[in-house]
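To start, the structure itself, in structure tokens.
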Amino acid sequence: MRERAREPIFNIPFVVVILLAVLILIHIARALLSPEADVGIVATYGFVPARFGFLIDQRAVLDHLTQLARESELDAQIGQFFLTYAPPNQVWMTPLSYAFLHGDKTHLIFNCVWLAAFGSPVARRFGSANFLLLGVAGAVAGAGVYLALHLTEATPMVGASAAISAYMGAAARFVFQPGGFARPDTDAPPEPPPLASFRAMLANRQALAFVVFWFVSNLLVGLGAQSFGVSQAPIAWEAHIGGFLAGVLLAPLFDQRRKS
């Protein structure tokens, strides 16, 4: 009987490893900068809803800054700083560029863990290019939802959570089916199951439990992170939901096996 090939303990697709390395290297590079230079990076490449809100409803943004000035002169100065810092040609990059920045080391570590866990099965199934495109779609969708609900917010949003949430949403459509977590075999690569329909996904108890737990935990963490000391800055749970829904809805467009 031929001995079965041993599998590595960590079987993370190369594209996920590269993406993890990029996120970590960017954070290390920022740590080597002066505080002033790092603030400039966040101001330029973070997603500030009020920059786009100013184009949609200029009066609402100005009224918000006026209210901040009444409450705290410093808050108003910070808001005005983030509104005016980035050149116009760079502002349109921010619905994606914000995903490569993180608030602190803990923020980065948590996102890297979830990216490795949920990005890996998606990358294996969708392929490297489609995996990256889905991440872009998730980041942009997350920024769009956050913008819609925080049109006048002048504080930058950063983090890859919305893109990672898209991978979680896409994974929910196949990993809970029989063979969904199957890894390629050297003798006979297993045929992964087709993506589950919405009805089939919600009928699967494991998938439904995952989706419900994901939404509830994001709401609780997002609304209570500062109160419980989990994070010093507010967590953009709305962007997470936007990314997750993008992953669930757009998964068939990026699935290499969508014709099966």
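Both backbone and side-chain heavy atoms feed into the values below; hydrogens, waters and symmetry mates do not.
Cluster annotation: F213 and F215 are assigned to distinct hydrophobic clusters (Ile/Leu/Val/Met/Phe/Trp/Tyr, side-chain heavy-atom contacts under 4.5 Å, transitive). Both F254 and F14 are part of a single hydrophobic cluster, where members link through side-chain heavy atoms under 4.5 Å apart. Using a 4.5 Å cut-off between side-chain heavy atoms of Ile, Leu, Val, Met, Phe, Trp and Tyr, with links allowed through other members, V175 and V212 fall into the same hydrophobic cluster. In terms of hydrophobic clustering, with Ile, Leu, Val, Met, Phe, Trp and Tyr side chains grouped at heavy-atom distances under 4.5 Å, I18 and V136 are assigned to a common cluster. M157 and W92 fall within a single hydrophobic cluster, where Ile, Leu, Val, Met, Phe, Trp and Tyr side chains are chained together by heavy-atom contacts under 4.5 Å.
Here the closest non-hydrogen pair linking I26 and F100 is CG2-O, 3.4 Å. Of all heavy-atom pairs between L20 and A116, the closest is CD1-CB, 4.3 Å. Nearest heavy-atom pair, G46 versus L101, reported as atom, atom and distance to 0.1 Å: N-CD1, 4.0 Å. In terms of heavy-atom proximity, G138 sits nearest to A162 at O-CB, 3.6 Å. Here the closest heavy-atom approach between residue V61 and residue A50 is recorded as CG2-O, 4.0 Å. Considering every non-hydrogen atom in both T44 and G40, the closest pair reads OG1-O, 2.8 Å.
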Query - Chi angles and distances behind the side-chain contact (heavy atoms from CB on, under 4.5 Å) call for F126, L133 - result: CA-CA 10 Å; F126 290 9; L133 288 174; over 6 Å; no

**Report entry** Steps toward side-chain contact (heavy atoms from CB on, under 4.5 Å) verdict (F54, T152)
**Finding:** CA-CA 8 Å; F54 194 80; T152 62; over 6 Å; no

Query - Residue pair L96, F47: steps toward the side-chain contact (heavy atoms from CB on, under 4.5 Å) verdict - result: CA-CA 8 Å; L96 175 61; F47 181 73; over 6 Å; no

Requested in this report: Report the C-alpha distance between M168 and V122 in whole Å, list the side-chain angles of each, state the deciding distance to 0.1 Å, and finish with yes or no for side-chain contact (heavy atoms from CB on, under 4.5 Å).
Outcome: CA-CA 9 Å; M168 292 179 171; V122 174; over 6 Å; no

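Counting non-hydrogen atoms of neighbouring residues, nucleotides and ligands closer than 6.0 angstrom, the CZ atom of F110 reaches no more than 12 such neighbours. Other residues, nucleotides and ligands contribute over 12 non-hydrogen atoms within 6.0 Å of the CH2 atom of W214.
Of the possible donor and acceptor atoms, none in the side chain of S120 sits under 3.5 Å from a partner among the backbone N and O of A117. Using a distance-only test at 3.5 Å, with no hydrogens or angles considered, a donor-acceptor pair links the side chain of Q177 to the main chain of R173. Checked by atom type and distance alone, the side chain of D57 never pairs as donor or acceptor with a backbone atom of L151 at under 3.5 Å. Panel note: side chain H107, backbone G103; a donor-acceptor pair is recorded below 3.5 Å. D255 places no side-chain N or O within 3.5 Å of a backbone atom of A251 that could act as its donor or acceptor partner. Side chain of Y98 to main chain of V42: no donor-acceptor pair is present (N/O by atom type, distance under 3.5 Å, no hydrogens or angles). A donor-acceptor pair under 3.5 Å is formed between the side chain of S97 and the backbone N or O of Y45. In this structure, R30 contributes its side chain and A37 its backbone to no donor-acceptor pair below 3.5 Å.
For the atom pair CG (N218) and OG (S165), the distance works out to 6.0 Å, reported to the nearest 0.5 Å. In this structure, CG on L195 lies 10.5 Å from CE on M201, to the nearest 0.5 angstrom. Between the CZ atom of R70 and the OG1 atom of T66 there is a distance of 6.5 Å, given to the nearest 0.5 Å. Rounded to the nearest 0.5 angstrom, H27 NE2 and K105 NZ are separated by 8.0 Å. Residue C112 holds its SG atom at 4.5 Å from CD1 of I24, rounded to the nearest 0.5 Å. To the nearest 0.5 Å, the span separating CG on L115 from CG on L23 amounts to 6.5 Å.
Between T155 and V48 the shortest side-chain heavy-atom distance does not fall below 4.5 Å. Between F176 and L208 the shortest side-chain heavy-atom distance does not fall below 4.5 Å. With contacts defined as side-chain heavy-atom distances shorter than 4.5 Å, the pair V22/L25 does not qualify. By the 4.5 Å heavy-atom criterion applied to side chains, H240 and I164 are not counted as neighbours. Here the side chains of P13 and F131 are not in contact, with every heavy-atom distance at 4.5 Å or above.
Aromatic rings of W237 and Y146 (six-membered ring for Trp) have centroids beyond the 6.0 Å cut-off, not under it.
Taking the six-membered ring where the residue is Trp, F210 and F244 present tilted rings, their angle falling between 30° and 60°.
Between N111 and S161, the side chains place a donor N or O and an acceptor N or O closer than 3.5 Å (distance only, hydrogens not considered).
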